[in-house]
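Scroll down for the structure; my scribbles are underneath it.
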Amino acid sequence: MRRGRLRVLLGAAPGVGKTYTMLEEGRRLRDEGRDVVVGFVETHGRAATATMVDGLEVVPRRTETHRGLRLEEMDLDAVLARKPEIALVDELAHTNAPGSRHDKRWKDVDELLDAGIDVISTVNTQHIESLGDVVSEITGAQQRETVPDAVLREADQIEVVDLAPQALRDRLATGLVYPAERIDAALSNYFRLGNLTALRELALLWLADEVDQALKAYRAEHGIDRKWEARERVVVALTGGPEGETLLRRGARIAARSSGGELLAVHVTNPDGLRARHPEALDRQRALVEQLGGTFHQVVGEDVPRALVDFAKGADATQLVLGVSRRSRLAAAFTGPGIGATVIRESGDIDVHIVTHAAAGSGFSLPRLGGALSRQRLVAGFAIALVAGPLLSWLLWSLHTDGSITSDVLAYQLLVIIVALIGGIWPGLLAAVLSGLTLNFLFIEPLYTLTIDEPRQFLALVFYVLNVLLVSYVVDQAARRTREARRAAAESQLLATIAGSVLRGEDALQAMVRRTREAFNLTGVRLLVDDEPLVTDGEPTVDDRTTTVPIGVRGVLELHGPDLAASERRLLQVIATQLDAAIEHGALASAAEAADELAEADKVRSALLAAVGHDLRRPLTSASAAVSALRSPDLTIPPEQREELLDTAAESLDSLAGLVTNLLDVSRLQAGALAVTLAPTDVADVVFPALDELKLGPGAVELDLADDTMPVLADAVLLQRVIVNLLANATRHSPPGKRVRFSASTFRGRTELRVADRGPGIPRERRDQVFTPFQRLGDTDNETGLGLGLALSKGFVEGMDGTLEAEDTPGGGLTMVVTLPIAEEAP
């Protein structure tokens, strides 16, 4: 009997539509004539899901009683006896009721599969065993029901049922996932937007890893070690030479010929960490790679061809692009096959493109006089050639016999090599010519004449010259690399130290100036910008010499201490460039900040003037009119009218006092002078006084204070004003007969206070505006105040280390959410 096939629908979170999709697939298969039954489905009271069950054959459930509770489970024996072709079994990670044959539903499914029944099932990301800890860390909810990863990996098919996080929250808010009484808690806890985004990413990454593991297992099982060209992956080898841009553009064109082609650039460095000969060109090429949509990689390896081939194979490359060698034919003849030839031989089934360029064949030439060697070594080489040569000739001539010509030649050859090792090519050439002439004059017949009778004598002179060329070339290159290595190491160490200081939070300019003083052993360094000292480090003495280095067009770096060598001045230029960039960045940041402050101040000033013109005039006019009427000697006012005028004046003055108080509070918030006294505060001790202040009773506000609500760390006076503002706004915007709901709950070390109304709500794109001072979102009546309530509330909450956010009310309306730390976890 064949084993059944398992198909799993994987969802990031509850409510994405796994069960609905499973039932929809079951109906489709039934319509195709397949034998489909519902082994177990959980609709969670969702009408759309329940509708999909209609028309499908449902196997009756088995009932178990546990501790007085009646539990329904899938009747495994009934499904086995029915023996359908396909069974739909919901919630693969479900834990069965005590008394069941298996403790987990996935074990029931495994028995169905053994019986040859195909199964379609569902599972959420949080129920995958390997992801349990991660999900718990993200959501704060511990998952007790899990399914082993191995069970899922043995599935014949896994599909992700995906839904955008905000779309899932919208479904939840409209009551399509949970009943109304669970919506608020779900939206504020498990179904936060960040939680859903992280869970979605986990689901996709887990499935991608499963696909990759399955592909590797298949290739290993079938002994497939060659690359699979699912798409073009083009690797371009960069040396840092001028041909790099040509190679990159050629590689990009090759990658673009196939859909989804990928461009990778790789540069191989030596294990000793020496920098490329042209680091500036390599930096430009790195930027070009990014512009072309590729990625830049740097690998270390002594054997460059082997490193390139290994990287290409590791990246599953299909194409490898190299530039034709810059070496001349003469250099190739002496040094053997180049990188290109070796890569072609080792590349296997990777196509190798050798691209010609303008620098081809120009890589071998005689070094300049002295090359990378110091002047002292050059002089020493000439001195040894001119002094040791005659001394060696005198010694060999005095010991010469008829059979000693071989030892004489080797002695002169040793002298030439020593001179070339010390002084390079030009002293070596001089020593070679002088030794050749001396050998011919003193030791080769006819003696004491400079004649060449045999071709081999001419060849001997040529060999001398070739020896000195090769040895001096090696010496010159070694000296050049050593010098470059020391300079690169010094630059890298200095810049890395500066970068590390900045990353640790230090000021960039201060870090650069201090590290400059330390690196060059100076007594003091001072940075001046526009002739004004900006940063100073150290204390110079009167005996110090002062060296100045220009920093852009505005700055100067003063160095106090000993004179600096030329190589050190080059390092200073590197630092000067970094300082100039840091100064310019700081100037731009300051200008932007100042502009933002001016714009914000201008906006507040304009709003304040407009608000004063509309909102302060009304209570002033009312109070002034009432007082003027009371003071008029020409009017006879009845006692009841006099009392009404006094009430009007008092009410207007109270309103004016409240408006002025709010203006002062806003000023204190913007000046950072708000006084906050944090202490453990019981939410109930603040809510009830706020309700009394607003004269709101049970008919206007529904209270839901959870029993486990912890005291918050807050300023009781400020928190009461926040709740008063939020409740006042909510009751003003709620339609008649609809109560405002105030709830409090504790979750993951924070307490949430939620004020929900059933009003028109606010569009998502305009919610940030409600927290702007003097913003009333279109309210034009003269009784809504200055539009400072929510701005003040947000400032007060943030002053208490909390947050104030606006969300949709499930079923319509707006919910204001205040989040504060609980007192037990206060620092």
Side-chain angles (χ1 to χ4, degrees), residues 184-185 188-189 654-655 657-698 700-732 739-757 770-771 773 785-807 814-827:
D184 282 348
S188 59
N189 297 328
D654 288 341
S655 175
L659 293 174
V660 172
T661 300
N662 283 342
L663 287 173
L664 293 176
D665 286 339
V666 168
S667 300
R668 283 197 293 269
L669 282 174
Q670 294 180 340
L674 179 67
V676 179
T677 303
L678 299 179
T681 304
D682 195 313
V683 175
D685 294 341
V686 178
V687 173
F688 291 112
L691 294 173
D692 292 340
E693 181 179 340
L694 295 172
K695 298 179 174 59
L696 297 176
V701 178
E702 174 190 355
L703 289 180
D704 181 12
L705 303 180
D707 295 336
D708 60 349
T709 302
M710 305 293 291
V712 298
L713 189 68
D715 185 312
V717 176
L718 296 182
L719 183 57
Q720 180 175 332
R721 295 189 61 186
V722 170
I723 295 176
V724 167
N725 282 329
L726 298 182
L727 288 174
N729 281 338
T731 53
R732 182 168 65 247
R739 293 192 301 172
V740 172
R741 188 171 187 271
F742 180 93
S743 63
S745 60
T746 299
F747 178 73
R748 297 188 67 179
R750 311 282 286 184
T751 292
E752 286 189 349
L753 311 179
R754 308 175 71 87
V755 179
D757 63 54
V770 301
F771 300 111
L786 291 174
L788 295 176
L790 290 178
L792 284 172
S793 298
K794 188 174 182 65
F796 291 162
V797 172
E798 291 177 349
M800 294 182 287
D801 192 26
T803 60
L804 175 59
E805 298 175 345
E807 297 180 356
L814 186 70
T815 298
M816 304 301 295
V817 183
V818 177
T819 305
L820 293 169
I822 63 174
E824 284 75 4
E825 298 192 4

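Any value given below was found using the heavy atoms of this structure, including those in side chains, with hydrogens, waters and symmetry copies removed. Residues take their numbers from the sequence shown, with the count starting at 1.
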query = So L726 and F742, side chain to side chain contact (heavy atoms under 4.5 Å, CB included) or not? Walk me through it.
reply = CA-CA 10 Å; L726 298 182; F742 180 93; over 6 Å; no
query = For A728, which residues count as a side chain to side chain contact (heavy atoms under 4.5 Å, CB included) partner, sequence neighbours excluded?
reply = L694
task = For L678, check side chain to side chain contact (heavy atoms under 4.5 Å, CB included) against everything at least two apart and list the hits.
result = V676, L713, M800
task = Indicate the atoms forming the closest heavy-atom contact of A684 with L705, along with that distance.
result = CB-CD1, 4.1 Å
ask   = Which pair of non-hydrogen atoms, one from V701 and one from R739, has the smallest distance, and what is that distance?
value = O-NH1, 4.2 Å
inquiry  = So, taking the atom named CG in L727 and the one named CE in M816, what distance separates them when rounded to the nearest 0.5 Å?
reply    = 11.5 Å
note = Rounded to the nearest 0.5 angstrom, the OG1-NZ distance for T731 and K695 is 13.0 Å
inquiry  = Holding to side-chain hydrogen bond (donor to acceptor under 3.5 Å, both in side chains), I want the full list of residues that pass it with D685, two or more places apart in sequence or in another chain.
reply    = none
request  = Please identify each residue that fulfils side chain to side chain contact (heavy atoms under 4.5 Å, CB included) with T681, with sequence neighbours left out.
outcome  = V686, V712, A714, A716
task = State, with a plain yes or no, whether a side-chain heavy atom of L719 is found less than 4.5 Å away from one of L820.
result = yes
task = Without swapping roles, check the side chain of D682 against the backbone of P711 for a donor-acceptor pair under 3.5 Å.
result = no
ask   = Considering residues at least two apart in sequence or located in another chain, which fulfil the side chain to side chain contact (heavy atoms under 4.5 Å, CB included) criterion with E798?
value = K794
ask   = Do you know the tightest heavy-atom contact between D801 and R750?
value = O-NH2, 3.3 Å
remark   = Distance col, row N725:CG vs Q720:CD, nearest 0.5 angstrom, shows 11.0 Å
ask   = Looking only at heavy atoms, what is the nearest atom pair of A730 and D757, with distance?
value = O-CB, 3.7 Å
ask   = What's the shortest heavy-atom distance between A690 and V724, and which atoms?
value = CB-CG2, 3.6 Å
